[in-house]
Participant: 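Have a look at this one before I ask anything.
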Amino acid sequence: GAGVSQSPRYKVAKRGQDVALRCDPISGHVSLFWYQQALGQGPEFLTYFQNEAQLDKSGLPSDRFFAERPEGSVSTLKIQRTQQEDSAVYLCASSFAQGNGNQPQHFGDGTRLSIL
Amino acid sequence: AQSVTQLGSHVSVSEGALVLLRCNYSSSVPPYLFWYVQYPNQGLQLLLKYTTGATLVKGINGFEAEFKKSETSFHLTKPSAHMSDAAEYFCAADSTLTFGKGTMLLVSP
């Protein structure tokens, strides 16, 4: 389809393992965002890319979290040495605009990460 | 930093009744404002947005919201609820979306 695609939809990992979550934005969308949504909470901003440049990573909760978008399209969110508190739904969104907020963000269905 | 407050984690209405979901923002500078809806196991879908101009914004599925600067509010309304409106609703502000905690809308027959 033409929407934002995230994979996998569900991921179960043991505490201490590394995980990688993938986001395919809408073709031509310049901006890409990652959010973390804990159970029963609203999404919380993690990081933002404009093309391949990571312009804001102020929401990443620790240095175990790393995101990249090397060619300005697909993005990967990596979490190293996972902890139970990392269990959440990770949402990716993309926008045509260059981060001015006027254009809406289009969200994928998310990856539900469970750390055992 | 911007913050968004949604009053009421759950709102229950009967089918056909008025829907009112409340949202207040903290910034003294009017931000960009959005309402999103989330169905179970799905991502967020944009209902409507306010950027500049007309303060009454109409969105999809019969929803609308009014930006009131004096009250720092952006409440979401729908004249007549439908069973298919049952979902979680999020108010958000600014370009790197600051979300409220969400309001679950329950619609009874």
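First the proteins, then the strands, lettered A, B, ... as listed; each starts at 1. Here the structure is a predicted model, which is why all the values come from computation and not from measurement.
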Participant: Would you call the rings of A:F107 and B:F99 parallel, tilted or perpendicular, taking 30° and 60° as the class edges?
Facilitator: perpendicular
Participant: Does any heavy atom of chain A fall under 4.5 Å from the side chain of B:L46, the backbone, both, or neither of them?
Facilitator: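 Contact with chain A is through the side chain of B:L46 alone.
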Participant: If we define contacts as heavy-atom pairs under 4.5 Å, which of A:C92, A:P43, A:G110 has the most with chain B?
Facilitator: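 Top count of heavy-atom pairs under 4.5 Å with chain B: A:P43.
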Participant: Taking the six-membered ring of B:F63 (Phe, Tyr or Trp), confirm whether the NZ or CZ of B:K78 is under 6.0 Å from its centre and within 45° of its axis.
Facilitator: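 So B:K78 does make the cation-pi contact.
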Participant: Do the side chain of A:T82 and the main chain of A:K14 share a donor and acceptor less than 3.5 angstrom apart?
Facilitator: yes
Participant: Of all the residues in residues 80-89 of chain B, which have a heavy atom that comes within less than 4.5 Å of a heavy atom in chain A?
Facilitator: none
Participant: Hey, which of A:R9, A:H106, A:E44 has the most heavy atom pairs under 4.5 Å with chain B?
Facilitator: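 Of the candidates given, the most pairs with chain B belong to A:R9.
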Participant: Heavy atoms only: give me the nearest B:K49-A:P104 pair and the separation to one decimal.
Facilitator: NZ-CD, 3.7 Å
Participant: Check the orientation of B:Y25 and B:F67. Use parallel for under 30°, tilted for 30 to 60°, and perpendicular for over 60°.
Facilitator: parallel
Participant: Any donor-acceptor pair under 3.5 Å linking the side chain of A:S31 with the backbone of A:Q50?
Facilitator: no
Participant: Quick check for you: among B:Q45, B:M104, B:Q6, B:Q38, which has the greatest number of heavy-atom pairs under 4.5 Å with chain A?
Facilitator: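 So the answer, after comparing B:Q45, B:M104, B:Q6, B:Q38, is B:Q38.
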Participant: Please state whether the side chain, the backbone, both or neither of A:Q37 comes within less than 4.5 Å of a heavy atom of chain B.
Facilitator: side chain
Participant: Taking all non-hydrogen atoms of both residues, which atom of A:H29 and which atom of A:S95 are closest, and how far apart?
Facilitator: ND1-N, 3.3 Å
Participant: Taking the side chain from A:T111 and the backbone from A:P8, do they hold a donor-acceptor pair closer than 3.5 Å?
Facilitator: yes
